[in-house]
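Below you'll find the structure, written out as structure tokens, and then a few comments.
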Amino acid sequence: MEIAVVGSNMVDLISYINRMPTDGETVEAPDFHMGCGGKGANQAVAASRMGSKVLMVTRVGNDVFAENTINNFEKNGIDSKFVMRTDATSGVAPIFVDPQSRNSIIIVKGANAKLKPNDVEKARSEISKCKLIVLQLEIPLETVYATIRMGAELGVPVLLNPAPADPALSLENIRNCEFIVPNESELSLLTGMPVDTSEDITNAARMLLQSGIPNVIVTLGSKGALFVNSEGEKMFKADAQSAQNAVDTTGAGDAFIGCFSHTWVKTHDIEASIKAANIYAGDAVTKRGTQLSYATAEEVGLE
Ligand code: RIB
């Protein structure tokens, strides 16, 4: 295996709405899509569709959704031997996408909240053979910290996507990561610094650098991504056409991380990996659905 994703899986229940209801109001939405999601699973699927061999460590529930999620991993060529069943509901995510393609997401973690350090320990030997560990924050923080420690012990670099933002996340416990990939609001919460201007964003990213993480990549939606390391900072613009054609931005950040992880494992070239990830995420927003919008390397011209 090349990439180990230790993280969540959810069932995405996406309503395409004209507007959100107000208090006590019922409104009709024109369209709906149900599909596989969850930040961890999304990143695993994106990396796998790009061509990486991916191991998934996660927990599903004991309901009708579990089998479908496991089948989905297998259909996408992801090693699911550490997809464990739990006496809980599977994670679900009601999502609302407005006509401007912006999304609002509620997550109910369910089984994901039961993924414990011991579960990751069971996968230690497989993880030790990987070239990158990818983490997000839809599982307990103790599991995230234990996995970062495991990466350091095994000499396997760790990429942390600190999403969704969690005020309890401690910089001290994540400083051994090789990469941190927050969006603007996650960066602000992590550092306690403003992110209103490009200068603010760069300063906040520099603060993460000072905490010990050598590579900070801030995803900026339709603007692209900012990379900051000890040599300086560099902005990578997103494709303007994709932003104009956007219909659903759900899971775009996960598409970016899945493609970045795949490209970095193959090339160890961070800048080339960010460029590829911008193209991949830009393509994903032009299609509806979460994983449904993820292309293969061939489809997106990134072979
Ligand atoms: O990042 C998008 C994802 O966030 C969705 O797939 C949803 O499941 C939530 O985890």
Side-chain angles (χ1 to χ4, degrees), residues 5-17 32-49 56-61 63 65-66 68-70 72-73 76 78 83 88-98 101-115 134-141 143-144 159-166 180-187 189 217-222 225 246-261 277 280-294:
V5 179
V6 177
S8 62
N9 67 88
M10 308 267 170
V11 178
D12 285 357
L13 309 163
I14 310 181
S15 297
Y16 294 92
I17 59 170
F32 173 78
H33 166 77
M34 183 168 96
C36 291
K39 296 183 196 302
N42 294 346
Q43 293 169 19
V45 166
S48 181
R49 290 205 183 146
M56 185 78 206
V57 182
T58 192
R59 277 196 175 271
V60 293
D63 47 23
F65 296 134
N68 185 52
T69 296
I70 295 171
N72 182 61
F73 285 131
N76 279 287
I78 293 167
V83 178
T89 59
S90 289
V92 294
I95 299 176
F96 305 93
V97 178
D98 74 9
S101 78
R102 297 170 301 203
N103 62 67
S104 309
I105 303 178
I106 297 169
I107 57 163
V108 184
K109 288 184 181 170
N112 294 295
K114 302 205 171 190
L115 188 74
V134 179
L135 285 163
Q136 323 72 31
L137 302 181
E138 289 179 331
I139 57 172
L141 277 183
T143 310
V144 171
L159 180 155
L160 174 65
N161 169 220
D166 185 342
I180 186 157
V181 190
N183 66 16
E184 287 154 282
S185 57
E186 291 148 8
L187 177 67
L189 190 81
I217 300 164
V218 187
T219 54
L220 302 166
S222 60
V247 293
D248 184 353
T249 54
T250 314
D254 301 328
F256 182 99
I257 288 166
C259 179
F260 174 88
S261 301
Y280 193 80
D283 176 74
V285 300
T286 63
K287 291 167 267 178
R288 280 188 166 184
T290 314
Q291 294 175 18
L292 200 65
S293 68
Y294 296 169

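One-based numbering, in listed order, for ligands and for the atoms of each. Counting begins at 1 with the first residue of the sequence. Because the structure is a prediction, the values reported are computed rather than measured.
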Between ligand 1 and the protein, tabulate every N or O atom pair separated by less than 3.5 Å, reporting distance only.
unit_1: ligand 1; atom_1: 1 (O); unit_2: K39; atom_2: NZ; d: 2.9
unit_1: ligand 1; atom_1: 1 (O); unit_2: D254; atom_2: OD2; d: 2.7
unit_1: ligand 1; atom_1: 4 (O); unit_2: K39; atom_2: NZ; d: 3.1
unit_1: ligand 1; atom_1: 6 (O); unit_2: D12; atom_2: OD1; d: 3.3
unit_1: ligand 1; atom_1: 6 (O); unit_2: D12; atom_2: OD2; d: 2.6
unit_1: ligand 1; atom_1: 6 (O); unit_2: G38; atom_2: N; d: 3.1
unit_1: ligand 1; atom_1: 6 (O); unit_2: N42; atom_2: ND2; d: 2.9
unit_1: ligand 1; atom_1: 8 (O); unit_2: D12; atom_2: OD1; d: 2.5
unit_1: ligand 1; atom_1: 8 (O); unit_2: G38; atom_2: N; d: 2.9
unit_1: ligand 1; atom_1: 10 (O); unit_2: K39; atom_2: N; d: 3.4
unit_1: ligand 1; atom_1: 10 (O); unit_2: E138; atom_2: OE1; d: 3.1
unit_1: ligand 1; atom_1: 10 (O); unit_2: E138; atom_2: OE2; d: 2.7

Among all residues two or more places apart in sequence or in another chain, which pass the side chain to side chain contact (heavy atoms under 4.5 Å, CB included) test with N103?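 Result, side chain to side chain contact (heavy atoms under 4.5 Å, CB included) vs N103: I95, V97, I105, T249, T250.
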Inter-residue atom distance C36.SG - M10.CE, 0.5 Å rounding: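 The distance works out to 12.5 Å.
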Return the OG to NZ distance between S90 and K109, rounded to the nearest 0.5 Å.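 Going from OG on S90 over to NZ on K109, the span is 15.5 Å.
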Exam field: side chain [X] to backbone [Y], donor-acceptor pair closer than 3.5 Å:
{"X": "S101", "Y": "V247", "value": "no"}
{"X": "N9", "Y": "G38", "value": "no"}
{"X": "T219", "Y": "G253", "value": "no"}

